[in-house]
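Right, one structure below, let's go through it.
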Amino acid sequence: IPDSIDRTGAQARPGEASGEAPRQPAVAVAEPVAEAPADIEPDLIADDRTNLAEGDAVLLIIEDDRNFAYVLADCAREKNFKVVVAGTAGAGIALARRIKPTAITLDLHLPDSDGRVVLDVLKHDPDTRHIPVHIISVAAEGERSLHMGAVSFLQKPVTREALAEALSVAADFAPSRMRRLLIVEDDPVQQQSICDVIGNGDVESTVAGTAAAALEALEKTRFDCLVLDLGLPDQSGIDLIREIHRRHGLSSPPVIVYTAKALTRREETELRGLSEAIIVKDVRSPERLLDETALFLHRVQAKLPAAKRRMLERVQRDDALLSGRKVLIVDDDLRNIFAISTALENYKMLVAYAEGGREALEKLQQEDGFSAILMDVMMPEMDGYEATRRIRAMPAYAKLPIIMVTAKAMRGDREKCLAAGASDYITKPVDMDQLRSLLRVWLYR
């Protein structure tokens, strides 16, 4: 960032008096939207948002198909849920933060954002992380959604019986219910270490020292999560996971591989398709284990002991998907560049910038190693649409994530951005939680 920008984001321009208050940047970092009003959008269908009482089981339906929302709401009320419906990603996130529902159903195709971004935002917010999210969508990307923390995935079209079963699972995830964890580890010292890290206040841990004992335990009890060492005496960990999936199918618990074994590239690739997370034991691995189990056990972070909350805060500050990635910010207002780059640098991202579309094209030709581009729409000489079209014409950047930044959300804006070649878009003022999730979703791909 040029020296002409001070640490408040003000830029000295020719002809400005030095004592004059600077104009505020158009892209400020937005405040959290937890306090957004519940009626930020017209109701998709009549719901119970004005009739909620403490202790109610509440299902938040994030779905833009009115007819399917009716069906979901009807099924939910049969399961004694009260229902709140949001037809957009923004409304869904705001309502989740405000009402803290018992469970959420989420469509992946929403008019204002990708549903995976919503899931990522919710699972990276300590106040909503514990809420079970059930994905119901036409998109056939269930595996990635489950790895991100969704509790189940149903692909449309879906039967009423399947909906009823998913809602029964949702009802079973009440915050007061004891979570059940299966630890598959043959070393007694490691068994105790894992139990100590995870704790036992709201988690009941069962230990199995062999693959056979693990399979027997799974026949008797429905576990919410499984922590697995690969080096078992009677069967390899990979074969055990395959057997669990064969026997239990979609009802198999999420599997977290926790191992000291150095994995080959082939083993890691195979395990990523079979498990929800892989943790190789090192000095930071206990913190990661606590974080991953808290996600898949849907633990309420605020209710954990202070020492464990501090462990989670430390590991959540470091984001392996963002750290070290290079992003190009394209904007004609240096104060906007400053506001966003400061936030991204806090995630340990490397930031470069261009003050217009033409300069962005030159920078992409001169430098390499970019992982993503944030492209402002309204710029003189060459706007963001034209710049994006030209970048997409460059073979090296045909698939590079480009997130467009628009001044305000208007009907059709997202479609216009996507038609120009953008991967997604975000509106001003930029909500950094949403931007972080957009980057995480697209950089993962």
Side-chain angles (χ1 to χ4, degrees), residues 58-65 68 72 75-76 81 86 89 92-93 95-97 100-110 113-156 158 162-175 177 179 181 222-226 241 244-245 248-256 272-278 291-301 316 321 433-434 436-438 440-442 444-445:
V58 180
L59 178 70
L60 172 60
I61 298 171
I62 307 177
E63 169 65 62
D64 68 330
D65 183 327
F68 191 68
L72 267 174
C75 288
F81 281 100
I93 293 170
L95 286 165
R97 287 171 167 168
K100 306 295 192 299
T102 311
I104 296 171
T105 64
L106 173 64
D107 187 14
L108 296 182
H109 289 166
L110 297 167
S113 187
D114 191 309
R116 279 162 290 261
V117 175
V118 177
L119 179 61
D120 193 88
V121 169
L122 296 176
K123 292 303 173 182
H124 283 82
D125 184 337
D127 292 333
T128 58
R129 197 169 192 243
H130 64 281
I131 302 170
V133 178
H134 302 261
I135 305 297
I136 306 175
S137 181
V138 165
E141 295 191 29
E143 182 179 296
R144 171 58 179 154
S145 299
L146 295 175
H147 289 181
M148 291 172 67
V151 73
S152 70
F153 176 87
L154 291 174
Q155 188 171 4
K156 295 177 182 175
V158 60
L163 288 177
E165 183 178 348
L167 292 171
S168 295
V169 172
D172 189 45
F173 268 99
R177 176 176 72 74
R179 271 46 177 159
L181 175 70
R222 179 167 182 162
F223 290 95
D224 301 306
C225 186
L226 188 154
I241 301 173
I244 291 171
H245 288 172
H248 300 279
L250 293 175
S251 62
S252 302
V255 176
I256 298 171
R272 290 200 182 281
L274 293 170
S275 65
E276 273 61 43
I278 303 170
D291 182 57
E292 294 288 357
T293 54
L295 174 64
F296 292 106
L297 290 170
H298 305 281
R299 302 178 81 178
V300 181
Q301 191 162 317
Q316 289 164 7
L321 268 175
D433 286 342
Q434 185 184 356
R436 178 187 182 189
S437 290
L438 274 168
R440 284 177 53 83
V441 166
W442 285 101
Y444 175 87
R445 292 177 174 178

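All figures in this text were calculated on a predicted structure; none of them were measured in a lab. If you read the sequence from its start, that first residue is 1, and numbering goes on from there.
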What pairs with [X] under side-chain contact (heavy atoms from CB on, under 4.5 Å), at least two apart in sequence or on another chain?
| X | answer |
| --- | --- |
| Gln155 | Ala140, Phe153 |
| Asp125 | Arg97, Asp127, Thr128 |
| Leu163 | Phe68, Val71, Leu72, Cys75, Ile136, Leu154, Val158 |
| Ser437 | Val117, Asp120, Val121 |

Which distance, rounded to the nearest 0.5 Å, do you find between the [atom1] of [X] and the [atom2] of [Y]?
| X | Y | atom1 | atom2 | answer |
| --- | --- | --- | --- | --- |
| Ile93 | Leu106 | CD1 | CG | 9.0 Å |
| Thr105 | Ile135 | OG1 | CD1 | 9.0 Å |
| Arg116 | Arg440 | CZ | CZ | 14.0 Å |

Between [X] and [Y], is any pair of side-chain heavy atoms under 4.5 Å apart?
| X | Y | value |
| --- | --- | --- |
| Ile62 | Val118 | yes |
| His298 | Asp224 | no |
| Val255 | Leu274 | no |
| Gln434 | Arg436 | no |

For this session: Test side-chain contact (heavy atoms from CB on, under 4.5 Å) on Leu122 and Ile131 and set out the steps.
Result: CA-CA 8 Å; Leu122 296 176; Ile131 302 170; over 6 Å; no
For this session: Could you tell me which residues satisfy salt bridge (Lys or Arg N to Asp or Glu O under 4.0 Å) with Arg222, sequence neighbours excluded, listed by chain and number?
Result: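 Arg222 satisfies salt bridge (Lys or Arg N to Asp or Glu O under 4.0 Å) with no residue once adjacent residues are dropped.
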Exercise. Taking only residues two or more places apart in sequence, or in another chain, which ones meet Asp64 in a salt bridge (Lys or Arg N to Asp or Glu O under 4.0 Å)?
Worked result: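 In terms of salt bridge (Lys or Arg N to Asp or Glu O under 4.0 Å), with neighbours along the sequence ignored, Asp64 is linked to no residue.
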For this session: Look at atom CD of Gln316 and say whether more than 12 heavy atoms of other residues, nucleotides or ligands are closer to it than 6.0 Å.
Result: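 Counting neighbours around CD of Gln316, more than 12 heavy atoms of other residues, nucleotides or ligands fall under 6.0 Å, so yes.
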Closest approach of [X] to [Y] (non-hydrogen atoms, all atoms of both residues):
| X | Y | value |
| --- | --- | --- |
| Ile104 | Pro101 | CG1-CG, 3.7 Å |
| Ile256 | Phe296 | CD1-CD1, 4.0 Å |
| Pro253 | Ile244 | CD-CG2, 4.4 Å |

Check side chain to side chain donor-acceptor pair (under 3.5 Å) between [X] and all other residues, then give those that pass, not counting sequence neighbours.
| X | result |
| --- | --- |
| Lys100 | none |
| Thr293 | none |
| Asp107 | Ser137 |
| Glu276 | none |

Exercise. Ion pair present between Asp291 and Arg129, side-chain N to carboxylate O less than 4.0 angstrom?
Worked result: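 The answer is yes: the pair qualifies as a salt bridge.
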Exercise. Got a sec, which pairs hit side-chain hydrogen bond (donor to acceptor under 3.5 Å, both in side chains) with one end in residues 144-153, sequence neighbours left out?
Worked result: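 Found His134-Ser152.
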Exercise. Between the main-chain N or O of His130 and the side-chain N or O of Lys123, is there a donor-acceptor pair closer than 3.5 Å?
Worked result: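 Checked: no pair found.
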Exercise. Taking the side chain from Arg179 and the backbone from Leu297, do they hold a donor-acceptor pair closer than 3.5 Å?
Worked result: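 Side chain of Arg179 to backbone of Leu297: a pair is present.
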